[in-house]
Protein chains: 2
Amino acid sequence: MLNDLELAAGDVQGDGKMELRLWLRLLSTTKLISQELRRRLRIEFNVTLPQFDVLAQLHREPEGLRLGDLSQRTMVTNGNITGLVERLETDGLLVRERLREDRRVTVARLTDQGRSEFEHMAHAHESWLKELMRDMDPAVLSSLFSHISEIKTAALTRFAATDELDGALD
Amino acid sequence: MLNDLELAAGDVQGDGKMELRLWLRLLSTTKLISQELRRRLRIEFNVTLPQFDVLAQLHREPEGLRLGDLSQRTMVTNGNITGLVERLETDGLLVRERLREDRRVTVARLTDQGRSEFEHMAHAHESWLKELMRDMDPAVLSSLFSHISEIKTAALTRFAATDELDGALD
DNA sequence: TCAAATTACTTTAAACTTAAAATAATTAAG
DNA sequence: CTTAATTATTTTAAGTTTAAAGTAATTTGA
């Protein structure tokens, strides 16, 4: 009887569709935040979010990265990296160089201007996120991080099983 | 002493950059899952993820939705809704109709074929998510949902404050 | 009433995305 | 040694995204 009432009351949390609800909430939340970060990056620094992502990866590799590695780390397809890097080179934020010992390989590396501009962007970007989450309990942030990681690991495992991928967690 | 050790050990959770780390983890996780859902929707049902999203919104409104409302609910810009709906109409999954009483307004409504096909898709989509999260503790899913909602609310509040937007919390 | 503002939608241009095909360089195998 | 695989990147086509400008239709207000 109680059970019937609970189910009738919109499936409060009898785990009817908790996975779906959580997924939709995750998706709408990241979309919302992405949109705002994208907007601010464009207005304040005239870069797109994927461009910022590429710069961030290159910033941690002073020697530069092969386009293939860049593609993996940013989760952007190979084909897309080409144009992304082309535009960033045009803007003077990075340079491309063909490897002598293997002329199939292109390495992208930040210019001094690129490094300097990225550091400004990264500082602002981080402060926007701190501001966004300033009222969240640090313990909650920590628990969120580990639980989201659980889901990410599950995705890598389950989806890798289907796709025959390797299992890099980060 | 313990504290020093903890901080030295890679800033375990001394909240050096927890907000940034959480955000990056959220982003990479949703990207990873989206990619796989997108892949499966394409292979099994020949629809894109945004198209699935539009169908889902229309499915809960048998009378159909104005394109503007559809745009809001899917978080897709007005301009994008036009083409999205055009393609779905071409595929026979929905119909567009101009309102008699206000000829600026277009209402989109699922066809019988659209409703039927969407129901298959939705069933598969939900089961993929259940499979993905099958090892997660239901209490964890529940807590994730509420904490992510906290962040979403913060985003709506903070970003609305900056942008002078209205404050619709969902 | 009727010009101006508002509303609903469409169009446009540049960037990004995916998947798939194409090109070029290197390595492997017979 | 030389053709066949493999690897790294680029190109292509269809679709999506954002932001901004454009087009109708309706409302407002002087």
Side-chain angles (χ1 to χ4, degrees), chain A residues 27 30-43 45-55 64-91 93 96-108 163, chain B residues 27 30-55 64-91 93 96-108 163 166:
Chain A
L27 208 52
T30 55
K31 201 165 182 176
L32 181 63
I33 297 173
S34 290
Q35 279 172 346
E36 181 63 12
L37 294 179
R38 188 187 308 278
R39 198 182 70 84
R40 295 187 184 187
L41 283 173
R42 178 180 51 79
I43 290 174
F45 302 105
N46 197 39
V47 289
T48 66
L49 197 49
Q51 284 172 3
F52 176 76
D53 200 7
V54 165
L55 296 177
L65 280 172
R66 293 157 166 243
L67 298 194
D69 293 342
L70 205 43
S71 163
Q72 270 201 290
R73 299 201 194 188
T74 56
M75 298 176 76
V76 157
T77 53
N78 262 338
N80 194 16
I81 282 292
T82 299
L84 221 32
V85 162
E86 234 161 49
R87 270 163 245 130
L88 288 167
E89 188 172 43
T90 302
D91 293 345
L93 300 182
R96 271 182 299 187
E97 249 172 44
R98 220 82 205 190
L99 266 203
R100 290 239 184 75
E101 59 267 36
D102 185 343
R103 287 179 337 208
R104 292 169 302 180
V105 174
T106 300
V107 170
D163 299 351
Chain B
L27 208 52
T30 55
K31 200 165 182 175
L32 182 63
I33 297 173
S34 289
Q35 279 172 346
E36 181 65 12
L37 295 178
R38 187 188 309 278
R39 198 182 70 82
R40 295 187 184 186
L41 283 173
R42 178 181 50 79
I43 290 173
E44 306 216 2
F45 301 105
N46 196 41
V47 288
T48 66
L49 198 48
Q51 284 171 2
F52 176 76
D53 200 7
V54 165
L55 296 176
L65 279 173
R66 295 158 163 243
L67 298 194
D69 293 342
L70 205 42
S71 164
Q72 270 201 288
R73 298 202 194 187
T74 56
M75 298 176 74
V76 157
T77 53
N78 261 338
N80 195 15
I81 283 292
T82 299
L84 221 32
V85 162
E86 234 161 49
R87 271 163 244 128
L88 288 168
E89 187 171 44
T90 302
D91 293 346
L93 301 182
R96 271 183 297 188
E97 248 173 45
R98 221 81 205 190
L99 265 205
R100 292 240 183 77
E101 59 268 35
D102 184 343
R103 285 177 340 203
R104 294 169 301 180
V105 173
T106 301
V107 169
D163 298 351
D166 47 301

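Here is the naming used below: chain letters follow the sequence lines, and residue numbers restart at 1 for every chain.
- Summarising the geometry, the separation between CG on A/L88 and P on C/dA15 is reported as 11 Å, rounded to the nearest angstrom.
- If you take CZ on A/R40 and CG on A/L49, they are separated by 13.0 Å, rounding to the nearest 0.5 Å.
- B/T74 and B/D53 make their closest contact through O-OD2, 3.8 Å (heavy atoms, listed as atom of the first residue, atom of the second, distance).
- Interatomic distance, CD of B/E89 versus CZ of B/R96, reported as 4.5 Å (0.5 Å rounding).
- We find that CZ of A/R96 is positioned 11 Å from P of D/dT9, with the value rounded to whole Å.
- Spacing between atom CG of A/N78 and atom P of C/dT17 amounts to 13 Å, rounded to whole angstrom units.
- Note: CG (B/L70) to P (C/dC9) measures 10 Å, nearest angstrom.
- Within 6.0 Å of atom CZ in A/R100, 12 or fewer heavy atoms from other residues, nucleotides or ligands are found, so the atom counts as exposed in its surroundings.
- Computed from coordinates, the A/I81 CD1 to C/dT18 C1' distance equals 14 Å when rounded to whole Å.
- Between the side chain of B/T90 and the backbone N or O of B/E86, at least one donor-acceptor pair lies under 3.5 Å.
- Residues B/T48 and B/R38 fail the side-chain proximity criterion, which asks for heavy atoms closer than 4.5 Å.
- In this structure, A/R66 reaches the D/dA8 phosphate: one of its side-chain N or O atoms is under 4.0 Å from OP1 or OP2.
- Distance CG/B/N46 to CZ/B/R42: 9.0 Å, rounded to 0.5 Å.
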Anything under 3.5 Å between a protein N or O and an N or O of nucleotides 17-22 of chain D, put it in a table, one pair a line.
from   : atom 1 : to    : atom 2 : distance (Å)
D/dT17 : OP2    : B/N80 : ND2    : 2.4
D/dT18 : OP1    : A/Q35 : NE2    : 3.1
D/dA19 : OP1    : A/R42 : NH2    : 3.3

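- When all heavy atoms of A/L27 and B/S34 are compared, the pair lying nearest together is CD1-OG, 3.7 Å.
- Atom pair B/L32:CG and C/dT18:P shows a separation of 12 Å (rounding to whole Å applied).
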Please list, pair by pair, any protein nitrogen or oxygen found under 3.5 Å from a nitrogen or oxygen in nucleotides 24-26 of chain C.
from   : atom 1 : to     : atom 2 : distance (Å)
C/dT26 : OP1    : A/R103 : N      : 2.9

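- Atom-to-atom, CD of A/Q51 to C1' of C/dA14 comes out at 11 Å; the value is rounded to the nearest Å.
- For the pair A/E97 CD and D/dA8 C1', the computed distance is 17 Å after rounding to whole Å.
- Of the possible donor and acceptor atoms, none in the side chain of A/T106 sits under 3.5 Å from a partner among the backbone N and O of A/E97.
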